[in-house]
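Report on the following structure.
Both ligands and their constituent atoms are indexed starting at 1 by order of listing. Numbers here simply count residues along the sequence, with the first being 1.
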Amino acid sequence: MKKQISGVTLETVQGDIASQEDIDAVVNAANARLMPGGGVAGAIHRAAGRGLAEECKPLVPIKPGDAVITGAHNLPNSHVIHCLGPVYGVDKPEDKLLRNCYKKALDLAEDNNIESIAFPAISTGAFGYPLKEATEIAVDTVAAEIPALKKVKLIRFVLFGKKELDVYEEIISKKL
Ligand code: AR6
């Protein structure tokens, strides 16, 4: 699905966040130590190579809701923006912390002249955030930021499974 909002393209695709070849910055659903893990972080670090973990070392730890930017090493992108989403039921208030992730990632993209950015569904895997609730927050936050964007022209939500893709498309159709 693809939509134009205030001159910015918002799209959804099913796929792997580590294979977004036409995107400047991919967002990592990171852990506080910015180390390889499972899910998105595992895929990003595997594809980026060990240089990414090395570059991350002086930047840790990060707090829930925070985001930091690095190079992308062997990934086909220019940057990785690492976001630490809230652990559902643990890091509170989880809705605000999740909103901060999307907002800070877009702020970092703007500050670094990034034109295209791809987000995974932060916090909805190992961190247990219910998918529909997290998707509402992702879509609302990104939509609210779009009118203020000057550099970013393409925002892509990359969903691993068909079920996640369907939820995103339903919520975007309803809201935007
Ligand atoms: N591409 C796109 N989406 C993916 C991929 C991929 N390659 N792999 C999984 N997903 P998660 P979190 C989906 O667990 O909940 C890690 O171990 C997945 O189906 O990656 O923020 C870190 O080290 C789910 O919908 O992120 C942290 O400790 C979504 O991406 C912790 O997990 C997020 O799942 C972060 O947990």
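Within the 4.5 Å cutoff, no side-chain heavy atoms of Asp24 are placed close to those of Ile117.
Side-chain heavy atoms closer than 4.5 Å link hydrophobic residues (I, L, V, M, F, W, Y) into clusters, and following such links, possibly through other members, connects Val27 to Leu10.
To the nearest 0.5 Å, atom CE of residue Met1 and atom CG of residue Leu176 are 8.5 Å apart.
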### Derivation of the salt bridge (Lys or Arg N to Asp or Glu O under 4.0 Å) call for Arg156 and Asp22
CA-CA 11 Å; Arg156 178 179 295 163; Asp22 56 339; 2.9 Å; yes

Hey, what polar pairs (N/O, under 3.5 Å) does ligand 1 make with protein?
residue	atom	partner	partner atom	Å
ligand 1	1 (N)	Ile17	N	2.9
ligand 1	7 (N)	Asp16	OD1	2.8
ligand 1	14 (O)	Ala126	N	2.8
ligand 1	15 (O)	Ser123	O	3.4
ligand 1	15 (O)	Thr124	N	3.4
ligand 1	15 (O)	Gly125	N	2.8
ligand 1	15 (O)	Ala126	N	3.2
ligand 1	15 (O)	Phe127	N	3.0
ligand 1	17 (O)	Gly38	N	2.8
ligand 1	20 (O)	Val40	N	2.8
ligand 1	21 (O)	Ser123	N	2.8
ligand 1	23 (O)	Asn31	ND2	2.7
ligand 1	25 (O)	Thr124	OG1	2.9
ligand 1	34 (O)	Gly125	N	3.4

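Ring geometry for Phe157 versus Tyr102: interplanar angle over 60°, hence perpendicular rather than tilted (30 to 60°).
The 12-atom threshold is exceeded at NZ of Lys174, counting heavy atoms of other residues, nucleotides or ligands nearer than 6.0 Å.
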